[in-house]
Asker: 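Handing you this structure, nothing more for now.
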Amino acid sequence: MKDEQNISTVYEPQKVEKKWYQIWEKAGYFEAKVDREASRFSIVMPPPNVTGSLHLGHALDNTLQDILTRWHRMQGEDTLWLPGTDHAGIATQARVEEHLAKEGLSKEDLGREKFLERVWAWKKQYGGHITTQLRKLGASCDWSRERFTLDEGCSEAVKEVFVRLYEKGLIYQGNYIINWCPKCQTTISDIEVEHEPHAGKIWHIRYPVMDSDEELIVVTTRPETMLGDTAVAVHPEDERYRKLIGKKLRLPLTDRVIPIIADDYVDKEFGTGAVKVTPAHDPNDFAMGLRHNLEQITVLDRQAVMNEHAGKYAGLDRYEARRQIVADLEQLGFLVKVEEHENAVGQCYRCDTVIEPMVSKQWFVKMKPLAEPAIQAVKDGRIRFVPERFTKIYLGWMENIRDWCISRQLWWGHRIPVWYCQDCDKVICAKEEPQVCSKCGSAKLVQDPDVLDTWFSSALWPFSTMGWPEETETLKYFYPTSVLVTGRDIIFFWVARMIFSGLEFMSDVPFRDVFIHGLVLDAQGRKMSKSLGNGIDPIEVIEQYGADTLRFMLITGNTPGNDLRFQTERLEAVRNFANKIWNASRFALMNLTDYQEDNSSEYTLADRWIRSRFNRTASEVTRNLARYELGEAARLIYEFIWNEFCDWYIEMVKPRLYGKESEAGRKTAQKVLAQTLRETMQLLHPFMPFLTEEIWQHLPHQGETVMLAPWPKGTEAEMDEQAEQEMTILMDVIKAIRNLRSEMNVPLGKKAHVVLIAQNEQVLAALQKGEGYLLNLAGLAQVDLLLNSPEKPEQAVTAVVSGVEVYLLLQGLVDLDKEKARLEKEKGLMEQEIARLEKKLSNKGFLTKAPPEIVAKEKEKLKDYQIKKEAILERIASLEC
RNA sequence: GGGCAAUUAGCUCAGUUGGUUAGAGCGCAUGCCUCACAUGCAUGAGGUCAGGGGUUCGAUUCCCUUAUUGCCCACCA
């Protein structure tokens with residue numbers, strides 16, 4: 001950029017982004033310091049799948065974190081943004097299995113150990129991908145502390161937690177109904193089951209009552225499970241069936257006899273009011289089974305194929321069995337009728353396979369005791385959700401939480417630290433592998449084959465990554481973290497679990513604030529998904545538009561917590577903004593080649609104005625960042641740069657820089673220009689780190705990097721109410737003149753003559769100070785400034801702005817009719833406003849109840865409009881004679 | 001069946017303690033290659049703030065209600 005001749009008028013992010021990231025990382029600017037007593041700021045990054053690729057959701061999430069991190073770092077705080085990745089149990093294992101399948105191998109062919117070697121190899125090959133992508137985005141996280149959920153430290157924490165919870169009785173093993181995915185061949189937790197409405201059928205089946213001519217008709221959506229029925233339930237107060245309660249039924253297609261029971265769960269209104277009860281294959285039936293001590297008969301195996309308890313249907317897939325059974329029921333006269341019925345079937349979140357509820361021996365976390373403090377911490381404000389509405393979502397879930405099934409029938413993950421003695425019934429839970437059974441001394445110990453739910457380790461992330469269970473410096477210094485930034489889709493999966501884990505093991509919340517953002521949708525407002533093929537690769541966007549542009553686009557144009565549409569037009573708009581900054585900076589640098597510090601001269605009105613506007617903007621930006629209104633903060637900077645700094649200040653400062661005025665004036669202009677641009681780059685840096693660093697480095701500065709430059713929070717001393725008011729008058733007048741020229745078709749190149757009549761001395765003073773600006777920015781050859789002149793210029797078009805009558809002289813060019821029409825229109829507008837204000841100001845309620853300053857303001861406005869109207873009327877009158 | 005969000009200019013969205021003639025970007029119209037920028041400059045047109053009630057001196061903003069859309073949660077066979 002030093003050699004202006006070679007500098008493109010178009011900003012090319014590709015040329016600077018990589019360079020700066022490498023410099024930053026090498027210099028260690030991202031690394032957290034633990035050396036001050038000053039305030040500190042910490043974030044743990046939600047760990048993406050270790051072998052995954054960056055998507056726009058990650059891009060948004062990490063941009064928000066990076067903005068907060070860079071902002072706090074610039075404020076001189078000890079700042080830690082701790083990155084890492086997740087082993088993503090099912091997802092990663094499934095991908096490696098798919099890969100193996102191409103070689104014609106299954107994981108069983110390899111065996112557990114060899115298979116895990118393959119997964120680690122896979123991780124080694126693809127594990128660096130997403131972290132490289134995060135670097136492209138500009139993420140300023142402390143890579144020296146990068147963690148992985150399956151690394152040694154995290155594994156240590158997982159074992160510690162499991163053993164402690166086990167010893168406390170909060171982890172237990174038992175036969176309960178769980179969600180089984182027949183495709184993934186593992187259990188999944190309740191929140192991993194998705195319910196999609198599904199057009200299906202409902203069958204009415206006749207169950208004959210023993211020793212009677214009577215029968216009960218039950219309705220079911222899953223006739224194949226009837227082979228596992230161990231009762232039929234009716235409501236205890238259902239008059240239709242009261243006399244049948246306690247009697248027996250003959251279960252069709254079998255030779256079994258089952259009881260009729262009464263249970264409140266049954267809805268009298270639904271179907272026939274009689275429900276078949278299959279405790280081994282339905283969660284509600286399971287619960288009822290426990291209440292009534294019913295036998296559990298499992299009729300489906302782990303492939304969702306009918307098993308030996310299914311008699312002649314054994315070996316049939318569940319859907320095939322359904323068809324057979326319905327056909328047989330019909331043939332035997334048990335089928336009453338079939339109806340269309342929509343119901344929500346549970347599907348696996350990963351593969352969409354319909355879940356099979358099954359009774360199985362699994363490990364669970366007892367949630368009630370853990371949930372209680374986690375509810376309290378949010379209720380009493382130790383943890384705050386932003387936006388606040390997510391508090392209710394969190395509490396609603398936490399208050400109704402059920403026990404968490406944590407064992408998974410996978411190989412890739414944290415192995416459950418439990419061993420079973422083969423010689424006695426002893427179950428040993430320990431961090432280290434025991435050599436002999438503590439009860440019988442046998443050496444025949446076998447470890448539980450299952451691994452833990454991936455989210456079990458993620459739940460510990462805020463402290464496991466800081467070295468827990470060791471009491472490390474980092475942990476003492478940076479825990480609890482300041483804020484957690486994440487998408488609202490994982491509040492239950494992750495946020496909730498971190499909260500109860502933190503409270504249980506650290507005796508403190510894991511974070512103070514939870515900043516929730518929405519989803520990135522496509523241009524039509526749909527979720528991005530593989531099946532729709534509407535996904536957008538953030539890396540491609542970065543390559544085309546630059547990371548700064550992607551970042552800025554992702555955080556503007558919406559409100560926290562709401563979804564965001566990804567639109568190319570907005571990307572282009574932000575690219576143009578980056579280009580605008582680039583060119584404003586080129587302009588500045590071209591005029592700073594002989595820059596030297598100079599404090600001698602007086603600031604002009606424009607100087608005072610831009611300093612005031614900058615500091616006010618900086619103050620507002622700071623305020624908004626503190627409330628997580630990052631989009632609003634970014635918007636304020638955008639408007640300052642484009643609408644104030646570029647559109648007005650640069651234009652006003654040109655004559656001085658071009659040396660048309662004094663040398664001292666030029667030096668002052670250089671100083672204010674350089675300072676304001678530099679500080680603006682500091683203000684913008686968290687949002688657009690690359691562009692701002694590139695420019696900042698070329699401006700007069702102190703320090704090594706904009707990353708560590710002081711944050712401009714806005715100083716009161718430089719806020720100048722008077723300068724802003726005076727500039728407002730000047731800008732209004734200039735805009736009015738431009739408007740007149742445009743309407744009268746007087747091009748800017750054609751120098752014009754304008755007469756301005758000020759209403760009072762203050763206004764006149766402002767106009768006098770800004771005479772130069774008027775000449776240059778309104779394209780004037782001459783401007784006459786008058787105070788309250790009764791003499792009005794002839795042959796002119798007129799506009800009235802607050803405090804000033806504007807006359808654009810147009811000898812012989814004034815179209816009287818057109819001018820009159822223009823004035824009439826303006827008059828109409830004024831009259832409308834005056835009427836509105838008069839009505840308001842004659843309202844006693846308003847006068848007595850509204851705050852006095854509001855009333856004063858309205859009166860002021862009315863006066864202003866009346867003066868304007870007078871001026872317009874006068875003008876109209878003069879045109880008529 | 002509950003809950004949440006959204007409904008503002010042609011399109012996508014801001015509008016934060018209720019108080020200027022309701023804003024921006026894109027698009028549109030008109031005029032400009034003005035020595036930082038045509039990824040630009042200047043000017044302009046365009047809105048019953050979803051409908052209906054209420055509270056208030058005053059409502060896009062607060063409350064109720066209706067409608068439409070989207071999302072989340074829920075054990076109805």
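To find a chain, count down the sequence lines: A is the first, B the second, and so on, and within it residues start at 1. Hydrogens, waters and symmetry mates are skipped; everything else that's a heavy atom, side chains included, is used.
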Asker: Looking at A:Glu632 and A:Arg623, does any basic side-chain N land under 4.0 Å from a carboxylate oxygen?
Answerer: no

Asker: For A:Glu826 and A:Lys844, find the nucleotide of RNA chain B closest to each by heavy atoms; which residue's nucleotide sits nearer the 5' end?
Answerer: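 The residue closer to the strand's 5' end, by nearest nucleotide, is A:Glu826.
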
Asker: Using a 4.0 Å heavy-atom cut-off across all strands, classify A:Arg741 as base, sugar-phosphate, or nothing.
Answerer: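 Nothing, no heavy atom under 4.0 Å.
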
Asker: Round to the nearest Å and state the distance from A:Met553 atom CE to B:U12 atom P.
Answerer: 14 Å

Asker: From A:Ile393 CD1 over to A:Ile516 CD1, what is the distance, rounded to the nearest 0.5 angstrom?
Answerer: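 Taking CD1 in A:Ile393 and CD1 in A:Ile516, the distance rounds to 8.5 Å.
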
Asker: With rounding to whole Å, what would you report as the distance between B:U43 and B:G23 at their P atoms?
Answerer: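 It works out to 16 Å between them.
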
Asker: Look at all strands and tell whether A:Phe577 reaches a base, only sugar-phosphate, or nothing, counting heavy atoms closer than 4.0 Å.
Answerer: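 No contact.
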
Asker: Heavy atoms from C-beta onward define the side chain here; which of B:C75, B:G25, B:U20 lies closest to that of A:Tyr638?
Answerer: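 Closest nucleotide among those given: B:G25.
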
Asker: With sugar-phosphate meaning primed atoms plus P, OP1 and OP2, does A:His204 contact a base, only sugar-phosphate, or nothing at under 4.0 Å between heavy atoms?
Answerer: nothing

Asker: Taking atom P in both B:C13 and B:G70, what distance in whole Å separates the two?
Answerer: 14 Å

Asker: Report which part of the nucleic acid A:Trp203 touches: base, sugar-phosphate, or nothing (heavy-atom distance under 4.0 Å, all strands).
Answerer: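 Touches nothing.
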
Asker: Looking at every strand, decide which applies to A:Arg623 at a 4.0 Å heavy-atom threshold: base, sugar-phosphate, or nothing.
Answerer: nothing

Asker: So A:Thr848, base contact, sugar-phosphate only, or nothing? Heavy-atom distance under 4.0 Å.
Answerer: nothing

Asker: From the options B:C4, B:C57, B:C13, select the nucleotide whose nearest atom is closest to the side chain of A:Asn843.
Answerer: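 Of the candidates, B:C57 comes closest.
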
Asker: Round to a whole Å and report the spacing from CD1 of A:Ile734 to P of B:U34.
Answerer: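 After rounding, the gap between these two atoms is 20 Å.
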
Asker: With respect to the side chain of A:Arg488, which nucleotide from B:G40, B:C71, B:U39 is positioned closest?
Answerer: B:C71

Asker: Test A:Lys276 against every option in A:Asp229, A:Asp285, A:Asp282 by the salt bridge (Lys or Arg N to Asp or Glu O under 4.0 Å) rule and name the one that passes.
Answerer: A:Asp229

Asker: Describe the nucleic acid contact of A:Gly271 in one word from base, sugar-phosphate, nothing, applying a heavy-atom distance below 4.0 Å.
Answerer: nothing

Asker: Given B:A77, is OP1 or OP2 found less than 4.0 Å from the side-chain N or O atoms of A:Arg222?
Answerer: no

Asker: By nearest nucleotide on RNA chain B, pick out whichever of A:Gly845 and A:Glu572 is the more 5' one.
Answerer: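 In this pair, the answer is A:Glu572.
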
Asker: Counting just side-chain N and O atoms, does A:Lys580 come under 4.0 Å of either OP1 or OP2 of B:C41?
Answerer: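 For B:C41, OP1/OP2 do have a side-chain N/O of A:Lys580 under 4.0 Å.
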
Asker: Go through B:C71, B:U21, B:C76 for me and flag the one nearest to the A:Lys527 side chain.
Answerer: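 Of B:C71, B:U21, B:C76, B:C71 is nearest to the side chain of A:Lys527.
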
Asker: Measure the acute angle between the ring planes of A:Phe645 and A:Tyr649, then classify it against the limits of 30° and 60° as parallel, tilted or perpendicular.
Answerer: parallel

Asker: Judged by modelled atom types alone, do A:Arg526 and A:Gln524 share a side-chain donor-acceptor pair under 3.5 Å?
Answerer: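 Distance-only check passes for A:Arg526 and A:Gln524.
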
Asker: Work out how far the P atom of B:A22 is from that of B:A45, and round it to whole angstrom.
Answerer: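 Straight-line distance between the two P atoms is 13 Å.
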
Asker: Whether A:Arg402 contacts B:C75 is assessed here as follows: a side-chain N or O lying under 4.0 Å from the phosphate OP1 or OP2. Is that the case?
Answerer: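 For B:C75, OP1 or OP2 has a side-chain N or O of A:Arg402 closer than 4.0 Å.
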
Asker: Say you pick atom P in B:C62 and the same atom in B:U16; how far apart are they, in whole Å?
Answerer: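 Pairwise P distance, B:C62 against B:U16, rounds to 8 Å.
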
Asker: Distance check, P atoms only: B:U65 and B:U48, in whole angstrom units.
Answerer: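 These two P atoms come out 27 Å apart once rounded.
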
Asker: I need the CD-P distance between A:Glu194 and B:A74, as an integer number of Å.
Answerer: 11 Å

Asker: Grab the CD1-P distance between A:Ile581 and B:G40 for me, whole Å please.
Answerer: 12 Å

Asker: Please pick, from B:C26, B:C13, B:U12, the nucleotide with the shortest atom-to-atom distance to any side-chain atom of A:Gln567.
Answerer: B:U12

Asker: Base, sugar-phosphate or nothing for A:Arg575? Non-hydrogen atoms, less than 4.0 Å.
Answerer: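 Contact class for A:Arg575: base.
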
Asker: When the P atoms of B:U39 and B:C26 are considered, how many whole Å apart are they?
Answerer: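 Those two atoms are separated by 12 Å.
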
Asker: Output the pairing pattern of RNA chain B as a dot-bracket string, 5' first, Watson-Crick or G-U wobble with both distances under 3.5 Å, | for cross-strand pairs, [ ] for crossing pairs.
Answerer: (((((((..((((.....[...)))).(((((.......))))).....(((((..]....))))))))))))....

Asker: Can you tell me how far OH of A:Tyr176 sits from CZ of A:Arg402, rounded to the nearest 0.5 angstrom?
Answerer: 14.0 Å

Asker: Would you say A:Lys654 places a side-chain N or O within less than 4.0 Å of OP1 or OP2 belonging to B:A36?
Answerer: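 Yes, such a contact exists.
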
Asker: Taking A:Arg575 first and then A:Glu572, would you say they form a salt bridge - that is, a charged N and a carboxylate O separated by under 4.0 Å?
Answerer: no

Asker: Within the structure shown, what part of the strands sits under 4.0 Å from A:Met830 by heavy-atom distance: base, sugar-phosphate, or nothing?
Answerer: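 Contact class for A:Met830: base.
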
Asker: Nearest to the side chain of A:Glu651, heavy atoms from C-beta on, is which of B:U16, B:C13, B:C37?
Answerer: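 Output: B:C37.
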
Asker: Taking any heavy-atom pair under 4.0 Å as a contact, classify A:Asn343: base, sugar-phosphate, or nothing.
Answerer: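 Sugar-phosphate, no base atom in range.
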
Asker: Hey, does A:Asp647 reach any base, or is it just sugar-phosphate, or nothing, if we go heavy atoms under 4.0 Å?
Answerer: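 It contacts sugar-phosphate atoms only.
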
Asker: Taking atom C1' in both B:A50 and B:A67, what distance in whole Å separates the two?
Answerer: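 Here B:A50 and B:A67 have their C1' atoms 8 Å from each other.
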
Asker: So, is the end of the A:Lys654 side chain (NZ or CZ) under 6.0 Å from the ring centre of A:Phe587 and within 45° of the ring's axis?
Answerer: yes

Asker: For the side chain of A:Lys825, starting at C-beta, report the closest nucleotide among B:A45, B:C26, B:U43.
Answerer: B:A45

Asker: Within the structure shown, what part of the strands sits under 4.0 Å from A:Glu743 by heavy-atom distance: base, sugar-phosphate, or nothing?
Answerer: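 No contact at all - A:Glu743 keeps every heavy atom at 4.0 Å or more from the nucleic acid.
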
Asker: Counting only N and O atoms by type, is there a donor-acceptor contact under 3.5 Å from the side chain of A:Asp563 to the main-chain atoms of A:Leu519?
Answerer: yes

Asker: Can you tell me if A:Thr272 and A:Arg240 form a side-chain donor-acceptor pair at under 3.5 Å?
Answerer: no

Asker: Among the candidates B:C37, B:C72, B:U16, find the nucleotide nearest to the side-chain atoms of A:Glu629.
Answerer: B:U16

Asker: When all nucleic acid strands are considered with a 4.0 Å heavy-atom cut-off, which category describes A:Asp267: base, sugar-phosphate, or nothing?
Answerer: base

Asker: With a cut-off of under 6.0 Å to the ring centre and 45° to the axis, is A:Arg738 in cation-pi contact with A:Trp648?
Answerer: yes

Asker: Within the structure shown, what part of the strands sits under 4.0 Å from A:Ala850 by heavy-atom distance: base, sugar-phosphate, or nothing?
Answerer: base

Asker: Closest to the A:Glu639 side chain: B:A5, B:U20, B:A24?
Answerer: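 When the side chain of A:Glu639 is considered, B:A24 is the closest of B:A5, B:U20, B:A24.
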
Asker: Taking B:G44 as the reference, what is the distance to B:C4 when you measure between their P atoms (whole Å, please)?
Answerer: 44 Å

Asker: Which nucleotide in the set B:C57, B:C26, B:G44 lies at the smallest distance from any side-chain heavy atom of A:Lys849?
Answerer: B:C57

